[in-house]
Amino acid sequence: MFLRSLDAQIKLKDKGKKEAALLALQKELKPILNNPLEERILEYFDINAWIESKLTNRKLEEVLKEKK
């Protein structure tokens, strides 16, 4: 699911469609990442922070620092 959504993101050129796809991905991932068995991936890569950085046009590093 994530890789398909990521692939779709790369192919989208329209900013509005990209934003809509990111928001949809964020919504799909929320219940999965709240599952204690699945949230371990966030120790390696904070997908929510990555999505936020794309939506707000900021560097991932900046978003991660803000979350701490």
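Position 1 is the first residue of the sequence, and the numbers go up from there. Scope of the values below: all heavy atoms of this structure, side chains included, with no hydrogens, waters or symmetry mates.
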For a 4.5 angstrom cut-off between non-hydrogen side-chain atoms, does [X] reach [Y]?
X: Lys18; Y: Lys13; answer: no
X: Trp50; Y: Leu22; answer: yes
X: Asp46; Y: Val63; answer: no

Out of curiosity, [X] [atom1] to [Y] [atom2], how far, rounded to the nearest 0.5 Å?
X: Asn34; Y: Leu29; atom1: CG; atom2: CG; value: 10.5 Å
X: Lys67; Y: Glu62; atom1: NZ; atom2: CD; value: 13.0 Å
X: Leu55; Y: Leu25; atom1: CG; atom2: CG; value: 9.5 Å

Leu64 reachable from Phe45 in the ILVMFWY side-chain graph, under 4.5 Å edges: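 Yes, it is one cluster - the side chains of Phe45 and Leu64 are joined through contacts under 4.5 Å.
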Residues Lys54 and Glu19 bridged, charged N to O under 4.0 Å: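 Not counted as a salt bridge, because no side-chain N and carboxylate O are separated by less than 4.0 Å.
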Could you go step by step and tell me if Lys30 and Asn48 meet the side-chain contact (heavy atoms from CB on, under 4.5 Å) rule? CA-CA 9 Å; Lys30 189 173 186 171; Asn48 288 321; over 6 Å; no
